Protein chains: 2
Amino acid sequence: MTISKPDQAEAAPRPTRRRGEALLHAIYEASILETAALGLSGLTMEGIARRAGTAKTSLYRRWSTPEDILIEAMHRNFPQEEPSPAATDLRSDLIAALMLLRETSASPMGQALFAVVAEAGRYPHLHKRIWRDVFDARGGRFTKTVLHHYARAGRLDPARITPVVEDIGEALFIKFVVDNGLPPDRAHIEAIVEQAILPALGQG
Amino acid sequence: MTISKPDQAEAAPRPTRRRGEALLHAIYEASILETAALGLSGLTMEGIARRAGTAKTSLYRRWSTPEDILIEAMHRNFPQEEPSPAATDLRSDLIAALMLLRETSASPMGQALFAVVAEAGRYPHLHKRIWRDVFDARGGRFTKTVLHHYARAGRLDPARITPVVEDIGEALFIKFVVDNGLPPDRAHIEAIVEQAILPALGQG
DNA sequence: AAGATAAGATACGTTATGGTTTCTAATGTG
DNA sequence: CACATTAGAAACCATAACGTATCTTATCTT
């Protein structure tokens, strides 16, 4: 759950001189790892360059701030996998959706996202950009997808799927991460589904 | 919802030379305002001294890191008001508890707390200290207090008050803040109580 | 009133980062 | 193969915070 610094003086194994896509990829990855490790406020051109094994010059040639790099990086790498509610019962599909969120949040991308959202209050313009360019553009839905799927199939009363109810799973997930510093295990996720989401849907 | 920098060159109205409690108070307040404005990673001795209108010397005389100041400040200023479930119905008492949380979270103290908790993942030792010295020592409970009160009074099945259920209100509250950058209004709080907490208690 | 205490101003050398500029040589193209 | 790109290295200056040391003087104590 923790991403360490690049450490040693030579962070770059110097594969050879990269260009185009290969270089971009390394830079994007570095920006995400840096954010996961140091947070939004710790994100600097120097840090990204160091971790990517490139020179600041190559960064400033394309972007003017570290945030610009991060936004592009997150836009490209955002996990698209939506939960596919194929199974037969609501309970398992909700659990599967939250387990998917669990995987996502454990990745460097997930940690970077968490850091950004957590600090975004102090960077209002970033908050907007993240929501517009990353969350809304790509997925960002987990239990929501499942709930609407079941509602469309007529197996759930659409009236009960309010904005609050849509958020219960993710909200309890996030609170757990904040409190404990790591994502909940399967048992806790099952408890969330059984003790909070299903009752709110009238499926106690 | 945003705390601005001390701005002008002269942040200190120079009331006169303060000592003891008066000085301490100013320093504690400054540390909380700095954290609310700049986050944990932006907290520096220089910043606190500047905002408190004092000299770094006076800070180093007592503490060795800005975090030490902040911990003490939060310990002292943590809002103790527990919700007092005097009323007759569970619904209004839960709403009152979350409205109290709303007030708390809007204060500089609340914002600082949010910033710290959000970034604490990257400062594991701080995370521990905050939880031990601030949260556990003082309150940190809102709907939890209400739920246990009703359980003791025999008006709620204790078996339903699981760790997950205890967290529902605060979790949805926090998620709202993260998503929108400001705390929920009364209508949304009512929705949280009616659509999420009460159903989980079997009081739909 | 005299002396002890400590607030506050100032300055200093160090370190880290920011952002820019200049130069080199590797890589891809025609 | 020759040339145009551009990645990467290095040096630069400015800023900001660190931690410490020195000195003055307001304020409290006795």
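All figures in this text were calculated on a predicted structure; none of them were measured in a lab. Lettering follows sequence order; numbering is per chain, from 1.
Checking the phosphate oxygens (OP1, OP2) of dA7(D), no side-chain nitrogen or oxygen of T57(A) falls inside 4.0 Å. Regarding contacts with the backbone of dA6(C), every side-chain N or O of R62(B) stays at 4.0 angstrom or more from both OP1 and OP2. An OP1 or OP2 oxygen of dA7(C) is reached within less than 4.0 angstrom by no side-chain nitrogen or oxygen of R18(B). OP1 or OP2 of dA7(C) lies within a sub-4.0 Å distance of a side-chain N or O belonging to R61(B).
For E21(A) and dA7(D), the CD to P distance is 13 Å, given to the nearest whole Å. Distance NE2 (H25(A)) to P (dA7(D)): 17 Å, rounded to an integer number of Å. Atom CD in E46(A) sits roughly 17 Å away from atom P in dT15(D) (whole-Å rounding). Rounded to a whole Å, the CD atom of E34(B) is 9 Å from the P atom of dA17(D). Atom CG of L23(B) and atom P of dT5(C) are 18 Å apart (whole Å). Note: CZ (R51(B)) to C1' (dA17(D)) measures 16 Å, nearest angstrom. Rounded to whole Å, the distance from CE on M45(B) to C1' on dA21(D) is 16 Å. Taking atom CD of E67(B) as the reference point, atom C1' of dA17(D) lies 14 Å away to the nearest angstrom.
Contacts of T44(B) with the nucleic acid, taken as non-hydrogen atoms under 4.0 Å apart, involve only primed sugar atoms and P, OP1 or OP2.
For T54(A), whose side chain is taken as the heavy atoms from C-beta onward, the closest listed nucleotide among dG8(D), dT17(C), dA17(D) is dG8(D).
Here L40(A) contributes atom CG and Y123(A) contributes atom OH; the two are 5.0 Å apart, rounded to the nearest 0.5 Å. Note that the CD atom of E34(A) and the CD atom of E46(A) stand 10.5 Å from one another [nearest 0.5 Å].
Where P66(A) and R19(B) meet DNA chain C, the nucleotide closest to each residue was compared, and R19(B) sits on the side nearer the 5' end. Both A55(B) and Y60(A) lie near DNA chain C, and the one whose nearest nucleotide falls closer to the 5' end is A55(B).
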Candidate pair R91(A) and E190(A), rule side-chain contact (heavy atoms from CB on, under 4.5 Å), full reasoning: CA-CA 8 Å; R91(A) 179 181 172 281; E190(A) 287 173 358; 4.1 Å; yes
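Within 6.0 Å of NE2 in H148(B) there are more than 12 heavy atoms belonging to other residues, nucleotides or ligands.
Side-chain atoms of K56(A) and base atoms of dG8(D) include no donor and acceptor less than 3.5 Å apart.
Between E72(A) and R76(A) no salt bridge is recorded (no basic side-chain N to carboxylate O distance below 4.0 Å).
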